[in-house]
Amino acid sequence: MQARYHEFQQLNLPELEKEILQSWEKDKAFEKSVTNREGAKPFIFYEGPPSANGLPGIHHVISRTLKDLVCRYKSMKGFQVQRKGGWDTHGLPIELGVEKELGITKEDIGKKISVEEYNQKCREAVLRYKDLWDDLTRKMGYWVDLDNPYITFENSYIETLWWCLKELYKKGYLYESVSIQPYSPAAGTGLSSHELNQPGTYKDVKDTSATVLFHVPLSAGERGSEANASHSSLKKLTDAVAPGADSEPTGKLYIMAWTTTPWTLPSNLGLAVGPNVEYSLVKTFNPYTGLPSSVIIATALIPKYFKEEGKDISFADHKEGDKFLPWKVITTFKGAELDGLKYNQLLPFEANSLDRVREITPEADPFKVILGDFVTTEDGTGIVHMAPAFGADDFKAGKKNNLGILTLVDREGKFVPGVGEFSGRFVKNYKSEADYVDVNVDICVLLKKESKAFKIEKYEHAYPHCWRTDKPILYYPLDAWFIRTTALKDRMVELNKTINWKPKSTGEGRFGNWLENMVDWNLSRSRFWGTPLPIWRTEDGEEEKCIGSIEELNSEIKKASTALRGETNKHYLHEGLLDLHKPYVDDIILVSESGKPMKRVPDLIDVWFDSGAMPYAQWHFPFENRDMVDPEKGEARAFPADFIAEGVDQTRGWFYTLHVLGVMLFDSVAYKSVVSNGLVLDKDGNKMSKRLGNVVDPFKTIGQFGADATRWYLVTNASPWENMKFDVEGIREVQRKFFGTLYNTYQFFALYANVDGFAFKEAYIPVKDRPEIDRWILSSLNSLIRKVTLHLNDYEPTLAGRAIEYFTDELLSNWYVRLCRRRFWKGEYEKDKIAAYQTLYECLETLMRLMAPVSPFFSDYIYRILDKVTGRLGVASVHYTDFPVENPEVIDLALEERMQMAQDISSLILSIRKKVNIRVRQPLQKALVPVNGKDMEEQIRKVEDLIKAEVNVKDLEYLSGSNDFIHKKVKPNFVALGKKMGSKMKAVAAAIGGFTQDDIKKLELTGEIELMIEGTPIIIRVDEVDIQSEDVPGWMVASKNALTVALDIQVSPELEKEGNARELVNRIQKIRKDQGYELTDRIDVKLAGNEKLIPAITQFNNYICAEILADTLELVPEIADGTAIEVNDIQLKVLVSKKG
RNA sequence: AGAUCCGUAGCUCAGCCUGGUUAGAGCACUACACUGAUAAUGUAGGGGUCACCAGUUCAAAUCUGGUCGGGUCUACCA
C-alpha cells in the first residue's frame, strides 16, 4: 500500500521533539551533517566555552540558538561547519564556589586544606553540571560536538597557553610591574575586576572629605623657597601675593586640593592640575584659624567654596565668626603655568621624608605640581592630590613625573610605624571595632590646627566594598605581570574595523572605545586553580626563563637536576610533570644560565587568557593540528573564525581577549563576524536573578512548549542584540499562531493528499501552466527564499523568521489554502488538482527547509513525512538538504502586486457586506471598481475570478477615469511636489484641496492644470497629485488607499433563490459533519416542511447535490424524525442518510 | 562618572538610515459573522500629545542639540 502522510490527532511539539531527538541520536545526525560536507569549504565557528559549575539559564538558550541557527544555515548552504564544544574550567567563580562549599576562605588554603586537595576539589566541581548542560544542549537542539570538547584545565590545553605566553614573552610583550589594584585589607587579598563587579560592591558611604592647603614657598624667608627660585611663574605669583596699596592683609600662598580619603594625605607626593584649566589666585582668610591666605583653585569651582556675598568686601573689617569670608580674585592663569611648582610637604613624618622616598625610588622628585589630562573641574578644587600608591591615575602620573612612591599603609590597612601619632591605626574600621576612632577625622583636626585645611565635611559617594567582608577596599600597589597590549593598539583598532559587528554600534562604540582606551592587560591572579604562569626566576630576580612546552619543561627539569643535584626535581625525573597545575608545578626548580636555582613566580594567569587562546588551544596548536591554525601553505581550516556569537557582556571579555591574542600572535583578526546578543530580562524588564526569583528554567520552558517554539520566539520577538523581555505568553502565541497555522496547513494537505493518493509521482507541471493563484504563491515563495537568504547572510535571523511567519500566516494559510480549498476536495484527480497538490507540497517542503535552522525539530519532522511519501529529495533529514535557492523566473512581482489588490478589494467588499448585513453566502450581482488607467484594469482582470469567488459576486465592472459617475478627491503628492514648491507648499496644498470635480477632470484629461499661487502661475501635473475615487452616488462604497469599491446590494428574487440554495448546502454539510460521515460518503436527502424553498431546490438541484455529495434530493410531504433547520427564516425538516 | 542600547496602543514589536499630511501589525478586549484545514479565520470597534524640551524645515515618530527614565558594560575617579 502506498505510504500515507501522517495525520496528527493534535500538535504536541515536545512529544514530536523527543521522537526526532531519538532518531538524531540513532542516526548520528549531527556527525553526518558535518561529514556530509567533507571536502567542502569550511565555515569556521568558535564555541565560547561556558562554565559548567553553574546552572544553565534561559539566556544561554538565546545565544546558543543564534549560534546553532547560523551553523545549520551555513551547513545547508554547502559549507562544512565543525563545531567543537568546550568548557571553561578555571577561575574565580569556581574557586569561590568550592570555598563556599567547604566553608573556608582563601586564607585557609594551604592551612586547613592543602593546595593539592583544594585543586582536586575544584577539578571535581568544575564539571559538576556538565550533564545538565549536555542535556540542555540536546534538548534545545543545539548541534555542537560534545564528545570531543576542549577543556581548559587539560595539560594539552595549558601547554598551548604556555606556548602563547612564550611567544609573547619572546616578542617582549610580557613584563612584570607594580600596579595599583583593588585590595581588601579586611580579607587580606587582592580583588579581581569580577569581584569588584559583584552586585552591591559599590555602596553609598559618607566619608570625611578634606579640602586641604599645600603651602607654596615663594619668598626667600620661607622654608623650601629656593626650590622655586627659578620657576617661570615666580614673579607673577610673588607680585600677586605682595601687599597691595590697600594694605589688606597678605598671607601665604596655598594650593587647594580635595580628597575623600584623608588617610592618603601623608602619602601625598604631588598635585595635579589640568594644563588647560583656568585657575584663580584668591585672596581670603583661613576659615578655621582666621589667618590671611592666598589660595589657588580652579576658577570654575570658586562658587563651591566662596559665597557670592563675600566677593570683594572689605578685608580689614573682617572679624572671626562673620557670615561671609571676604575674598578677591587677584589673578588667573592656566594650569600649565603652574607646572613644576614646588610646595612644602603637607604632613611630614619620619616615614615619609624625602630620604625615605628616595630609598625606594632613588631619583624621585616629589612635592611639586604636575600636569594631568584627567583633571576636571567637575568637583573638588580642580587640583588633584596625588598619592601614587593608592590610586591608578596617581601611580601613572607619579611614574611619568618621577614623584616616587610612598606606601604608608600596610596590608592590614593600618599606618606603618613612623607616621607619628597615626602609626598603627587602621585607616578604616576594618576590624569592626566598637570604639574605632576614625583616623581620617583626626588627620583633619590636625590639618585645621595647622591652618592647612580649608573645608572639612562629610561627603556621600559610591565606593567599592569587598563583597565578602563588606569592608571598603583600598587601592594598593601589588606586583603583577602584564601583556603589553598597548604596543599593538593601533593595529588592533585597525583590524577591528574589518570585523563585521552585529550590531554595528557595539563594534564601533563599545568595543572601539574600549580599544582606544586600552591599558596593558594585567595577567596575574593570586589564586590556586588556574593556568600557572610558566616563568621561573632566580631569587635575586636577575635571571628568568619562560617555558613554552611540556617537552621544554621536562628537559629543563633534567638539566636542573643534574646541575643542582640533591633532591632537586627528583619526583619529576622519570615521567616529567604530569599535572601542570599548582602545587606540583611549584615544586619544580630550574637552573639559570649562570647555574643558580630558579623558582616559578607564584602567579596564575587571568582565566580570560584561557578563553582568548581557545582558537589555538582547542587544537593543541602548534603541537598538533598545525595546519588548523597556521598552515605552511593554503588556508587555515580553523582560524580565524568566520563567525562567533555571545552575549554583549563578553565585549570586554571573550571578544576582547580573542582579538588581542589574534593580533598579537598572528597579526590577524580572530573572527570575521561577531553577533553580540542582549540580555534576557524577565517580563517586567528586570534582570533575572536568583535573588528576585524570576529566573526562567529553560528545561521547564522547553518541556512545556518545545524547543522549537522557544527558539522561534527568542529569534523573532526582537533583534538578538536588543534586550529581550522574556514572557512565556509570547511562546504560547508563537506556538498557536505560527506552528499552529503551519500544522493546520500541513494537516489540510495530508488529509486530502491521502484521499487522492498524491505522492508527487506525476511529472512536475511547469509553473507557467498552472493557475494564476499557484503561480502567485510560488512567486511569493521564491521571493521569500530571496529575503530569508539575504537576511541570514546578513546575520539578521529576526527578519528572516518574521518573513517566514508572514508568508505562512498571511499568504499561504489565509489566502492560498483558503481560496484553493475546493480544488482539493472537489473534482477529479486531474491536472488542476495535481497542480494544487504540487504547489502546496512545494510550499511546505520549501518552508521546512527555510525554517530548519531556527526550528530544527518540527521542520525535520514534517520534512521527513513529506519526503518519505514522495522521495522527492531522497535525503533522510532536512538538515542534510541544501538550503532552497530562489528561482528568479518564477518571481512575478506584478502578479504579487495584483494579488495584493485582490485581497484588498475582497476585504473592502466584505466590509460593505458587513455594513449592510448581507452574508457572504448570499450572491450579489456586481461590484464596481474605479480604475486609474489601463494597467490597473489589466491587473485586476487577471484576478477577477478569485475576487468574485471569494466575495460571492457575479460580475466585476471597471470604471475608467473619464467617467462622470464617480466623485473624486485629489490630494497633493507631497514627496513629488514638496521639493519643487518649498515654502509655497502650504498654499499649493490648500489650492489643490479646493479643486472641484471639473478641475480634477480637466487635470486628468489634459494632464496638467495651472494655479495662481501668491501671484505666480504654477503648473501642476497629474503625476504630482494623488487622485482617488471617493464616492459612487447611489452605491455602497468603501475605500482603502488608492482602491475604491462600490457594491450593488440589491438582492433580486433570482439571487435570493441561489442564496437559499447555498444556505441549504451549508445546513446539510453541518448535518453530515454532526452525523460523523466521512468526506467521501455519499448520501440521500429528504426535505419536508416549506414550499417557499421549492424554486431554489428545483433550480439548483444539481448544484446542491454536487456540493453535498447527495445522490438524491427529494421533497417529501412529511418527515418523522428529521433535523429541524432554518434557511432565511424558512423552517423545514431534513433527513440525511448514508448510502449503503 | 563615561560609553552604549532602548523609550511608539494594556502587552510584544514594525516604521526612523533615505522627513511628506489618517503612525502600522500581532496579542489581549468588545461585537457580529464564517467554518468539511478551525486551539483557526473574516469584518467592525475602542485604545497613541510616537518619553520630554528646544531647534532645523513649507513639512518631524523620522534630522540636530539637550533633558528625563530604563538596561548593560566599564570605572581609582580627587
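Here is the naming used below: chain letters follow the sequence lines, and residue numbers restart at 1 for every chain. Atom set for the values below is all heavy atoms of this structure, side chains included, hydrogens, waters and symmetry mates excluded.
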Spacing between [X] atom [atom1] and [N] atom [atom2], to the nearest angstrom:
{"X": "A:Q735", "N": "B:A39", "atom1": "CD", "atom2": "C1'", "answer": "10 Å"}
{"X": "A:E729", "N": "B:C27", "atom1": "CD", "atom2": "P", "answer": "13 Å"}
{"X": "A:R913", "N": "B:A33", "atom1": "CZ", "atom2": "C1'", "answer": "12 Å"}
{"X": "A:E733", "N": "B:C13", "atom1": "CD", "atom2": "C1'", "answer": "10 Å"}
{"X": "A:D809", "N": "B:C27", "atom1": "CG", "atom2": "C1'", "answer": "13 Å"}
{"X": "A:I383", "N": "B:C77", "atom1": "CD1", "atom2": "P", "answer": "21 Å"}
{"X": "A:I909", "N": "B:G42", "atom1": "CD1", "atom2": "C1'", "answer": "14 Å"}
{"X": "A:E805", "N": "B:C27", "atom1": "CD", "atom2": "C1'", "answer": "12 Å"}

Checklist entry - Where each residue is assigned the nucleotide of RNA chain B containing its nearest heavy atom, which of A:T716 and A:T259 is assigned the position nearer the 5′ end? => result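 The residue whose closest nucleotide sits nearer the 5' end is A:T716.
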Checklist outcome for this item: Between A:V920 and A:S911, the residue closer to the 5' end of RNA chain B by nearest nucleotide is A:V920
Heavy-atom side-chain contact between [X] and [Y] under 4.5 Å:
{"X": "A:S813", "Y": "A:F748", "result": "no"}
{"X": "A:F726", "Y": "A:I62", "result": "no"}
{"X": "A:V988", "Y": "A:P972", "result": "no"}
{"X": "A:V375", "Y": "A:V273", "result": "no"}

Next on the checklist: Do the side chains of A:R732 and A:E729 get close enough for a salt bridge, i.e. N-O under 4.0 angstrom?
Outcome noted: yes
Suppose you measure atom [atom1] in [N] against the same atom in [M]; what distance do you get, rounded to whole Å?
{"N": "B:U49", "M": "B:A37", "atom1": "C1'", "answer": "45 Å"}
{"N": "B:C17", "M": "B:A60", "atom1": "P", "answer": "14 Å"}
{"N": "B:G7", "M": "B:C16", "atom1": "P", "answer": "13 Å"}
{"N": "B:G10", "M": "B:G48", "atom1": "C1'", "answer": "12 Å"}
{"N": "B:A23", "M": "B:C68", "atom1": "C1'", "answer": "24 Å"}
{"N": "B:G66", "M": "B:U74", "atom1": "P", "answer": "26 Å"}
{"N": "B:U56", "M": "B:A14", "atom1": "P", "answer": "32 Å"}
{"N": "B:A3", "M": "B:U8", "atom1": "C1'", "answer": "26 Å"}

Between [options], which one does the side chain of [X] approach most closely?
{"X": "A:D394", "options": "B:A44, B:U41, B:C76", "answer": "B:C76"}
{"X": "A:R736", "options": "B:A28, B:U12, B:A37", "answer": "B:A28"}
{"X": "A:F748", "options": "B:C77, B:A37, B:U41", "answer": "B:A37"}
{"X": "A:K737", "options": "B:C13, B:A37, B:C27", "answer": "B:C27"}
{"X": "A:Q747", "options": "B:C13, B:A37, B:A33", "answer": "B:A37"}
{"X": "A:S907", "options": "B:U12, B:C27, B:U43", "answer": "B:U43"}
{"X": "A:Y475", "options": "B:C13, B:C76, B:C34", "answer": "B:C76"}

Checklist entry - What residues, two or more places apart in sequence or in another chain, satisfy side chain to side chain contact (heavy atoms under 4.5 Å, CB included) together with A:L346? => result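 By the side chain to side chain contact (heavy atoms under 4.5 Å, CB included) rule, A:L346 matches A:V212, A:F214, A:L265, A:L447, A:K452.
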Next on the checklist: Just to verify, what does A:T264 make a side chain to side chain contact (heavy atoms under 4.5 Å, CB included) with, not counting sequence neighbours?
Outcome noted: A:T259, A:T261, A:H385, A:A387, A:F390
Checklist entry - RNA chain B: stems of at least 3 consecutive Watson-Crick or G-U pairs, cut-off 3.5 Å? => result B:1-7 with B:68-74, B:10-13 with B:24-27, B:29-33 with B:41-45, B:51-55 with B:63-67
Would you please classify the geometry between the [Y] ring and the [X] ring as parallel, tilted or perpendicular, with 30° and 60° separating the classes?
{"X": "A:Y752", "Y": "A:F824", "answer": "tilted"}
{"X": "A:F758", "Y": "A:Y837", "answer": "parallel"}
{"X": "A:H6", "Y": "A:F8", "answer": "perpendicular"}

Checklist entry - Got a sec, which pairs hit side-chain hydrogen bond (donor to acceptor under 3.5 Å, both in side chains) with one end in residues 733-744 of chain A, sequence neighbours left out? => result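 For residues 733-744 of chain A, and leaving out neighbouring residues, the side-chain hydrogen bond (donor to acceptor under 3.5 Å, both in side chains) pairs sorted by first residue read A:T741-A:D809.
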Next on the checklist: Each nucleotide in nucleotides 15-24 of chain B should get exactly one letter: B, S or -. Can you fill that in based on protein heavy atoms under 4.0 Å?
Outcome noted: -----BBS--
Item to check | Where protein sits on nucleotides 1-8 of chain B, one letter per nucleotide: B base, S sugar-phosphate only, - none, heavy atoms under 4.0 Å | outcome: --SSS---
I want to check one thing: is the phosphate of [N], taken as OP1 and OP2, less than 4.0 Å away from some side-chain N or O of [X]?
{"X": "A:N1066", "N": "B:C34", "answer": "no"}
{"X": "A:R919", "N": "B:A33", "answer": "no"}
{"X": "A:R818", "N": "B:A37", "answer": "no"}
{"X": "A:N814", "N": "B:U41", "answer": "no"}
{"X": "A:Y752", "N": "B:A37", "answer": "yes"}

Next on the checklist: Any side-chain to backbone donor/acceptor pair from A:T798 onto A:V715? Under 3.5 Å, distance only.
Outcome noted: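 Side chain of A:T798 to backbone of A:V715, a donor-acceptor pair under 3.5 Å: yes, one is there.
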Next on the checklist: Ignoring hydrogens, what is the shortest heavy-atom contact between A:P262 and A:A210? Give both atom names and the distance.
Outcome noted: CG-CB, 4.3 Å
Next on the checklist: Considering every strand and a 4.0 Å limit on heavy-atom distances, what is the contact class for A:N717: base, sugar-phosphate, or nothing?
Outcome noted: sugar-phosphate
Next on the checklist: Heavy atoms only, 4.0 Å cut-off, all strands: where does A:I180 land among base, sugar-phosphate and nothing?
Outcome noted: nothing
Checklist entry - Above 12 or not: heavy atoms from other molecules or residues under 6.0 Å from NZ of A:K1070? => result no
Next on the checklist: Taking side chain to side chain contact (heavy atoms under 4.5 Å, CB included) as the criterion, tell me which of A:I862, A:T745, A:L742 meets it with A:L847.
Outcome noted: A:L742
